[in-house]
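Taking it in order: structure first as structure tokens, then the write-up.
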Amino acid sequence: MQAGFARRPLGSMEDGPPRRPVMQRALSVSRTTDNRLTFPDWYQAIVREADMAEVSPTRGAMIIKPWGYGVWERIQQTLDRRIKETGHDNCYFPLFIPLSFFAKEAEHVEGFAKEMAVVTHHRLKMVDGKLGPDPEARLEEPLIVRPTSETIIGDAFSRWIKSHRDLPVLINQWANVVRWEMRTRLFLRTSEFLWQEGHTAHATADEGREETLKMLEVYREFSETVLAMPVVAGEKPENERFPGADKTYSIEAMMQDGKALQAGTSHDLGTHFAKAQNIRFQNDAGELVYCHTTSWGVSTRLIGGVIMTHGDDDGLRLPPAIAPRQIVIVPMLRGKPEDEAVLAFGAGLIKALNPLVALGEPVRALLDTKDQKSSEKRWNWVRRGAPLIVELGPRDVAAGMVSFMRRDDLRDGEKVRSQALSQEDFLAAVPGLLAEIQQNLFNEAKQRLDANIRRDITSLDELNAYFGAAAENDEDTLAFKGWVRVAWSRPTGAELEAVEQTLKARKLTIRNAPMDQPTRFGTCIFTGRPGVEEVLIGRSY
RNA sequence: CGGAGUGUGGCUCAGUCUGGUAGAGCACCGCGUUCGGGACGCGGGGGUCGCAGGUUCAAAUCCUGCCACUCCGACCA
């Protein structure tokens with residue numbers, strides 16, 4: 001029987017990439033992890049069918065829909081608390097930055113110059129029937145739509161900081177930024193995106209480094225406990241550093257197609273920006289010295305990471321900690337007198353759920369009274385990934401029972417798994433259930449991450465054999481590939497560039513050097529010299 | 001910016017080769033029958049076929065140019 005929603009007709013795929021039939025799954029496209037070509041299709045389907053976002057008429061920018069934005073708000077709330085707990089205060093800087101500000105730090109400009117949106121006029125005018133910038137309203141100095149705020153915040157720092165007593169300065173802002181990327185993908189890389197950027201200034205190099213690592217750890221903990229997304233925290237190699245940074249650290253997550261997603265970065269900027277922008281203070285010995293600054297950020301890209309970490313062929317699965325609604329009650333209404341009792345029972349259930357606390361916060365529950373077919377509503381919530389979906393029918397109500405399904409464990413084979421508890425037992429079980437779902441999603445992803453980092457590769461040949469040529473769409477290239485952890489001698493300069501090129505030929509990059517390092521190292525697979533640390537290599541977003 | 005592909009109602013697509021004046025399934029609206037659950041029947045609304053120009057009695061279909069999107073590459077905290 002044709003299901004109640006559009007499916008991709010299987011007969012039309014002769015020319016397209018091979019796809020597995022997705023019988024009786026709620027999503028229209030399967031993620032089929034052993035074929036990388038289907039993964040982007042699946043990703044787009046889930047973004048659309050889970051009501052997360054859609055492409056906007058503005059090139060490369062997205063419209064974040066209420067369900068997707070609700071997830072972002074959860075991310076904001078939970079991360080903001082952590083940022084404040086570590087001593088930072090929020091503030092806000094302008095969207096526009098004078099062009100000249102970027103000229104001050106050479107590496108920084110070079111890194112961002114190719115992707116800047118520039119405001120050159122302040123007025124429109126009709127010319128020959130066409131609306132365009134008024135030539136007479138040209139700005140004396142063009143304004144840059146911020147791609148990041150180091151320059152304008154550094155400028156403020158230079159005025160705010162005079163004495164060692166002013167330090168440290170620990171601030172953060174939640175903002176939108178614009179980077180004119182060539183190719184965009186919803187949530188993962190859009191020309192405008194939302195993020196949080198922390199900026200700090202310190203008296204010493206040690207304090208700067210300590211701050212950088214502290215925030216890296218905040219990101220790791222946040223990602224793993226709130227997003228249920230396991231990551232590897234580590235230091236980026238020299239060639240992957242933030243433009244103008246002494247050191248860049250990242251957390252890297254493994255998506256279900258094996259590719260790495262850089263989920264957050266923390267930069268030790270040393271005195272680069274301080275020197276470029278004259279951020280100085282008098283120390284207690286009366287000397288005028290430069291500050292050590294840091295910056296760190298995570299963005300709406302995290303939502304893409306959550307989708308690609310937890311999504312399945314029935315749609316999104318949201319960790320309860322970031323689900324805008326953790327429990328959705330779908331009343332099975334039939335236009336009959338008993339509907340009233342069902343709705344009343346549902347309303348009572350909401351009332352009983354609201355005071356409950358799960359994962360340290362009040363439970364977020366919804367009674368979906370929308371005038372829509374019950375079955376339709378159920379599948380929509382499955383696709384959106386609500387952690388617990390309650391189906392409430394007249395018989396449940398009469399018996400005082402609650403039947404529900406867990407989104408993290410939706411099916412028993414092809415069948416949807418549903419369980420029933422008395423109202424009392426259900427209410428008692430909810431906090432534990434939500435915590436369990438949160439943990440389950442993490443465990444599942446953690447297992448996948450750990451199982452797909454190879455540590456047995458000891459030569460370039462073995463590395464190449466594992467990842468394949470990457471150039472063609474041959475089976476080897478399409479197959480799922482995780483990451484490889486190898487020893488290396490941390491080459492620099494031309495030698496590092498050669499390594500980069502070698503890897504690039506196979507679409508590989510060094511993701512980072514994990515924080516947890518052994519005490520002895522094998523031989524560097526690139527230089528043949530003794531290794532000094534281990535790095536992760538993989539394909540990435 | 002280079003290579004390949006695609007643009008037809010909200011979604012997935014057929015129709016384009018062989019011009020004749022727009023279709024299907026799902027979604028949507030109405031009525032009825034169903035219903036512990038992704039139901040069915042009947043009726044209905046919605047598209048200037050990506051945009052602009054050209055050829056023609058006639059263009060979704062042929063020609064030219066442009067634009068957008070997808071994938072690959074380049075690029076990318």
Side-chain angles (χ1 to χ4, degrees), chain A residues 1-13 15-17 24-26 28-29 36-41 43-45 48-49 54-55 57-60 107-108 111-115 147-148 150 177 179-186 188-191 193 195 197 236 239-245 247-252 261-267 269 295-299 301 314 330-336 338 342 372-383 391-399 401 403 416 418 420 470-473 477 504-505 507 509 512 540-541:
Chain A
M1 205 68 256
Q2 184 55 253
F5 53 89
R7 282 188 196 288
R8 184 185 294 265
L10 297 173
S12 66
M13 293 180 189
D15 302 325
Q24 295 182 17
R25 289 291 186 264
S28 64
V29 178
R36 287 171 37 227
L37 288 181
T38 65
F39 201 76
D41 273 348
Y43 179 76
Q44 286 177 155
R48 187 180 64 238
E49 292 174 36
E54 60 185 38
V55 294
T58 309
R59 181 197 170 279
E107 281 182 53
H108 190 63
F112 286 104
K114 285 164 288 187
E115 48 185 75
T148 178
E150 274 76 6
V177 288
R179 296 179 188 181
W180 215 255
E181 304 284 357
M182 294 278 187
R183 241 173 80 193
T184 57
R185 266 221 256 194
L186 290 181
L188 298 178
R189 185 176 295 116
T190 46
S191 48
F193 57 91
W195 78 345
E197 51 179 325
K236 285 281 187 187
N239 57 316
E240 302 275 348
R241 269 180 209 147
F242 176 74
K247 288 188 169 191
T248 286
Y249 299 84
S250 72
I251 51 170
E252 304 279 333
L261 183 76
Q262 181 172 295
T265 47
S266 186
H267 313 290
L269 303 175
S295 68
W296 28 273
V298 299
S299 71
R301 170 181 259 203
D314 284 306
V330 179
M332 311 310 287
L333 305 176
R334 304 189 297 173
K336 295 246 169 96
E338 59 261 38
V342 174
Q372 200 175 27
K373 262 193 297 189
S374 306
S375 54
E376 196 69 26
K377 288 196 279 193
R378 180 200 13 188
W379 286 108
N380 282 340
W381 287 114
V382 166
R383 278 185 279 268
E391 291 185 299
L392 204 60
R395 214 176 291 169
D396 294 313
V397 172
M401 298 292 284
S403 0
V416 170
S418 181
E472 317 82 38
N473 288 335
T477 302
K504 199 170 178 177
K507 296 195 226 176
T509 48
N512 67 25
S540 75
Y541 277 94

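Numbered from 1 within each chain, the chains take letters A, B, ... in sequence-line order. What you see below is based on every heavy atom in this structure, not just the backbone, and it leaves out hydrogens, waters and symmetry mates. This is a predicted model, so every value here is computed, not measured.
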* Nearest-angstrom distance from the residue atom CZ of A/Arg185 to P of B/C71 -> 6 Å
* Asked: When you measure from the side chain of A/Pro394, which nucleotide among B/C71, B/C75, B/G37 comes out closest?
  -> B/G37
* Same-atom distance (C1') from B/C35 to B/G46, integer angstrom -> 29 Å
* Taking atom C1' in both B/C49 and B/G7, what distance in whole Å separates the two? -> 10 Å
* Asked: From B/G37, B/A74, B/C71, pick the nucleotide closest to the side chain of A/Arg378?
  -> B/G37
* Structure fact -> Rounded to the nearest 0.5 angstrom, the CZ-CD distance for A/Arg185 and A/Gln44 is 7.5 Å
* Taking the side chain of A/Ser375 as heavy atoms from C-beta outward, which of B/A39, B/C71, B/C11 is closest to it? -> B/A39
* Asked: Across all strands shown, which nucleotide pairs with B/G46 by Watson-Crick or G-U wobble geometry, both distances under 3.5 Å?
  -> none
* Could you check how far CD of A/Gln372 sits from P of B/C28, rounded to whole Å? => 7 Å
* Using the C1' atom in both, what is the distance from B/U6 to B/U12, to the nearest Å? -> 14 Å
* Are A/Arg378 and A/Met332 side-chain neighbours, meaning at least one heavy-atom pair lies under 4.5 Å? -> no
* To do: Determine the interatomic distance between P on B/G50 and the same-named atom on B/A27; round to the nearest Å.
  => 26 Å
Give me the distances for all protein-to-nucleotides 32-35 of chain B N/O pairs that come in under 3.5 Å?
residue : atom : partner  : partner atom : Å
B/C35   : N4   : A/Arg334 : O            : 3.2

* Structure fact -> In this structure, CZ of A/Arg48 is separated from CD of A/Glu54 (nearest 0.5 Å) by 10.5 Å
* Just call it for A/Ser250: base, sugar-phosphate, or nothing, with non-hydrogen atoms closer than 4.0 Å on any strand. => nothing
* Asked: Could you give the CD-to-P distance, from A/Glu376 to B/C26, as a whole number of Å?
  -> 13 Å
* To do: Round to the nearest Å and state the distance from A/Lys507 atom NZ to B/C75 atom P.
  => 13 Å
* Structure fact -> When both distances are under 3.5 Å in a Watson-Crick or G-U wobble arrangement, the nucleotide paired with B/C71 is B/G3
* Asked: Between B/C76, B/C11, B/A74, which nucleotide gets closest to the side-chain atoms of A/Arg48?
  -> B/C11
* Pair assignment for B/C13, Watson-Crick or G-U wobble, requiring both distances under 3.5 Å -> B/G23
* Look at all strands and tell whether A/Arg241 reaches a base, only sugar-phosphate, or nothing, counting heavy atoms closer than 4.0 Å. => nothing
* Provide the Watson-Crick or G-U wobble partner of B/A39, both distances under 3.5 Å; none if there is no partner. => B/U33
* **Straight-line distance of A/Arg25 CZ to A/Trp379 CH2, nearest 0.5 Å** => 8.5 Å
* To do: Provide the closest heavy-atom pair for A/Gln262 versus A/Arg301 in the form atom of the first, atom of the second, distance.
  => O-NH1, 3.2 Å
* Asked: Rounded to the nearest 0.5 Å, how far apart are OH of A/Tyr249 and CZ of A/Arg241?
  -> 9.0 Å
* **Base-pairing assignment for B/A52 (Watson-Crick or G-U wobble, both under 3.5 Å)** => B/U64
* For A/Ser295, answer base if it contacts any base atom (sugar-phosphate contacts may also be present), sugar-phosphate if it contacts only those atoms, and nothing otherwise; contact means non-hydrogen atoms under 4.0 Å. => nothing
* For the pair A/Lys377 and A/Glu391, find out whether any cationic side-chain nitrogen is under 4.0 Å from an anionic carboxylate oxygen. => no
* To do: For B/U8 and B/C40, measure between their P atoms and round to the nearest Å.
  => 28 Å
* **Test item: A/Ser540 and A/Glu252 side chains (from C-beta on) under 4.5 Å apart, heavy atoms** => no
* Distance, C1' atom - from B/G65 to B/C75, rounded to whole angstrom -> 28 Å
* **For atom CZ of A/Arg189 and atom C1' of B/C69, their distance in whole Å** => 17 Å
* Output the distance between atom CZ (A/Phe242) and atom CH2 (A/Trp296), rounded to the nearest 0.5 Å. => 13.5 Å
* Asked: Over how many whole Å does the gap from A/Asn380 atom CG to B/G10 atom P extend?
  -> 19 Å
* Check each of A/Thr265, A/Thr509, A/Thr248 against A/Glu240 using the side-chain contact (heavy atoms from CB on, under 4.5 Å) test, and report the only one that passes. => A/Thr509
* With heavy atoms under 4.0 Å as the rule, sort A/Pro331 into base, sugar-phosphate or nothing. => nothing
* Expressed in whole Å, how much space separates the P atoms belonging to B/C62 and B/G19? -> 9 Å
* Which comes earlier along RNA chain B counting from the 5' end, the contact point of A/Thr248 or that of A/Thr184, where each point is its nearest nucleotide? -> A/Thr184
* Asked: Taking the nucleotide of RNA chain B with the closest heavy atom to each, which residue, A/Gly60 or A/Glu391, is nearer the 5' end?
  -> A/Glu391
* Which of these nucleotides, B/G37, B/C76, B/C11, is closest to any side-chain atom of A/Glu181? -> B/C76
* How many Å lie between NZ on A/Lys373 and P on B/C26, as a whole number? -> 10 Å
* Take atom P in B/G3 and the same atom in B/A74, then report the distance between them in whole Å. => 15 Å
* When all nucleic acid strands are considered with a 4.0 Å heavy-atom cut-off, which category describes A/Lys504: base, sugar-phosphate, or nothing? -> sugar-phosphate
* With the side chain of A/Gln44 defined as its heavy atoms from C-beta on, choose the nearest nucleotide among B/A74, B/C11, B/C71. => B/C71
* For A/Asp41 and B/G5, give me the distance from atom CG to atom C1', rounded to whole Å. => 13 Å
* **Sugar-phosphate only, base, or nothing, as touched by A/Trp296 at under 4.0 Å among non-hydrogen atoms** => nothing
